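All remarks here apply to the structure that follows.
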Amino acid sequence: MIEILVDDCFLIGQILECGQSFRYKHIENNIYDIIAYDKRLRINQVGKHVYMDCSIEDYNSLWVRYFDMDRNYEQIQSILVKMDPILKKAVIEKRGLRILRQAPFEMLLTFILSQNKAIPQIKVLVERLCETYGQVVLDQYGTYYTFPTVDRLVDVSVEDWRRLKVGFRAPYLYDAIQKVAQGVIDFITIEKMLDNSARDRLMEISGVGQKVADCILLFAFGRIEVFPLDVWVRRMMTHAYFNDQNVSDQIILEFADRYFKGFGGLAQQYLFYYARDHQIGK
DNA sequence: ATCCAGGTCTGTT
DNA sequence: AACAGACATGGA
């Protein structure tokens with residue numbers, strides 16, 4: 001068990017429940033279990049004190065990066081709250097969230113599964129995927145399942161995927177896995193590419209459009225300038241900046257790029273969480 | 001029953 | 001380039 005002192009920009013509930021992670025469990029109050037990188041982390045936050053049930057070695061080599069601890073969120077927040085009253089409200093209310101660095105392969109499959117699904121259902125699908133093809137691990141809190149590797153999934157057929165009730169996403173998953181297995185999609189390479197080329201590369205996968213590609217860039221590679229545009233963010237953006245008019249994706253994306261000045265992805269997450277919580281635009 | 005969900009693909013204008 | 005429908009599945 002280790003103890004970490006955090007600033008106001010670390011609230012474990014906000015971090016996990018803002019919609020970026022699907023593999024966490026709420027135990028009680030401010031206690032959560034997270035499954036990431038084949039490990040389970042029990043985490044408990046009491047004010048500025050965060051207790052993680054892991055070794056200091058794991059914290060330094062894994063969780064510092066996972067929780068994006070080296071980024072100064074207070075500084076970015078102070079910029080965002082000055083922009084306009086609506087963004088300010090969202091940032092203040094959802095303060096404490098951070099952009100996690102999750103495994104790229106996991107983000108790829110998870111956000112393919114996410115399309116046209118509600119968040120609780122995405123969780124069910126991801127969990128079913130892990131229970132079926134992941135590795136079972138026993139620790140002091142019981143058993144859990146890791147997110148499966150490419151090797152474990154490469155022989156899973158479209159039919160097999162259908163049996164997991166992933167619906168029309170079955171061929172998408174299959175194509176994504178084949179391309180990763182063959183090295184056509186290589187995350188080491190993608191990590192080094194500029195946003196636009198990286199996005200284009202990811203979009204070579206069938207079933208990966210701009211939104212899913214941008215989720216991967218944001219949630220796996222910490223590219224906080226990238227702005228995934230989904231139904232909730234669209235509702236929030238048209239409400240906040242376009243007088244509830246129906247404008248094209250292109251217009252919204254160009255506006256976001258210019259307006260949020262390199263912090264679009266982070267702004268997007270505050271807005272997404274706020275919009276979903278308050279059912280903005282429904 | 002009908003609609004909708006952290007979209008994308010395909011086929012028409 | 002912009003727009004409609006289809007696509008599986010499950011919950012409201």
Side-chain angles (χ1 to χ4, degrees), chain A residues 14-24 90 94 97 99-100 102 104 106-129 131-132 156-179 185 199-221 223-224 226-240 242 245-254 256 264-282:
Chain A
Q14 305 282 60
I15 292 170
L16 294 175
E17 289 178 27
C18 72
Q20 63 182 319
S21 167
F22 300 91
R23 300 214 67 202
Y24 68 90
K94 300 310 182 187
L97 73 79
I99 302 298
L100 298 173
Q102 304 182 71
E106 180 174 339
M107 291 300 95
L108 171 60
L109 300 195
T110 296
F111 281 98
I112 285 174
L113 286 175
S114 79
Q115 50 185 282
N116 224 43
K117 281 266 172 219
I119 288 187
Q121 299 178 43
I122 301 167
K123 269 182 129 169
V124 171
L125 284 182
V126 174
E127 221 41 47
R128 192 182 297 148
L129 161 62
E131 284 171 13
T132 308
V156 177
S157 68
V158 173
E159 250 185 27
D160 294 330
W161 287 118
R162 290 270 185 197
R163 265 181 237 119
L164 256 85
K165 300 297 176 191
V166 301
F168 62 82
R169 303 158 195 81
Y172 300 163
L173 291 173
Y174 184 83
D175 187 55
I177 292 159
Q178 297 313 308
K179 284 195 164 81
I185 293 293
R199 178 187 301 114
D200 288 344
R201 179 63 59 83
L202 289 167
M203 286 174 66
E204 288 172 15
I205 299 167
S206 170
V208 175
Q210 175 157 357
K211 190 270 171 180
V212 168
D214 284 349
C215 281
I216 298 165
L217 294 180
L218 179 60
F219 300 132
F221 297 110
R223 302 200 184 192
I224 61 161
V226 173
F227 192 87
L229 181 55
D230 63 43
V231 285
W232 286 111
V233 176
R234 150 170 281 288
R235 286 170 186 151
M236 193 66 196
M237 290 297 286
T238 54
H239 176 68
F242 295 93
Q245 290 178 91
N246 189 18
V247 287
S248 69
D249 286 6
Q250 189 126 93
I251 297 289
I252 297 176
L253 288 168
E254 279 170 11
L266 191 53
Q268 174 273 164
Q269 203 57 32
Y270 290 113
L271 293 171
F272 169 81
Y273 192 15
Y274 184 89
R276 187 169 58 95
D277 233 22
H278 296 272
Q279 299 285 296
I280 299 292
K282 284 211 69 183

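Every chain is numbered from 1, with letters handed out A, B, ... down the list of sequences. Note that this is a predicted model, so its numbers are computed, not measured.
You'll find the ring centres of A:Phe111 and A:Phe22 inside the 6.0 Å limit.
Applying the salt bridge (Lys or Arg N to Asp or Glu O under 4.0 Å) criterion to A:Glu131, with sequence neighbours excluded, gives no partner residue. A search for salt bridge (Lys or Arg N to Asp or Glu O under 4.0 Å) contacts involving A:Arg234 returns A:Asp249, not counting sequence neighbours.
Nucleotide B:dG7 holds its P atom 17 Å from the CG atom of A:Leu109, rounded to whole Å. Rounded to an integer number of Å, the gap from NZ of A:Lys211 to P of B:dG7 is 6 Å. Rounding to whole angstrom units, CZ of residue A:Arg199 and P of B:dT8 are separated by 12 Å.
A:Lys117 comes within contact range of at least one nucleobase, with a heavy-atom separation under 4.0 Å. Within the nucleic acid shown, A:Arg234 has no heavy atom closer than 4.0 Å to any nucleic acid atom. Residue A:Val233 is in base contact, counting any heavy-atom pair closer than 4.0 Å across all strands shown. As judged by a 4.0 angstrom heavy-atom cut-off over every strand, A:Pro120 is placed among residues making no nucleic acid contact.
At a threshold of 4.0 Å, the pair A:Lys211-A:Asp214 does not count as salt-bridged, since none of the basic side-chain nitrogens sits closer than that to a carboxylate oxygen. Electrostatic pairing of A:Glu159 and A:Arg162 does not count as a salt bridge here, judged by no charged N lying under 4.0 Å from a carboxylate O.
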Report all interatomic pairs (protein N or O, nucleotide N or O of nucleotides 9-12 of chain B) with separations under 3.5 Å.
residue	atom	partner	partner atom	Å
B:dC9	OP1	A:Gly207	N	3.0

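Between A:Leu108 and A:Ala176, the shortest heavy-atom distance links the atoms CD2-CB, 4.0 Å. Contact record, A:Ile280 with A:Tyr274: CD1-CE2, 4.2 Å, taken as the closest heavy-atom pair. In terms of heavy-atom proximity, A:Cys18 sits nearest to A:Gln269 at O-NE2, 2.9 Å.
The outermost nucleotides of DNA chain C lying under 4.0 Å from heavy atoms of chain A, listed 5' to 3', are C:dC7 to C:dG11.
In this structure, A:Leu266 and A:Leu97 have side chains that are in contact, with non-hydrogen atoms separated by less than 4.5 Å.
Screening residues 112-122 of chain A for side chain to side chain donor-acceptor pair (under 3.5 Å), with sequence neighbours left out, gives A:Lys117-A:Gln121.
B:dG11 sits 15 Å from C:dA8 when the P atoms are compared, rounded to a whole Å.
Within residues 264-282 of chain A, no residue places a heavy atom under 4.0 Å from DNA chain C.
A:Tyr24 and A:Glu17 form no side-chain donor-acceptor contact under 3.5 Å, judged by distance and modelled atom types alone.
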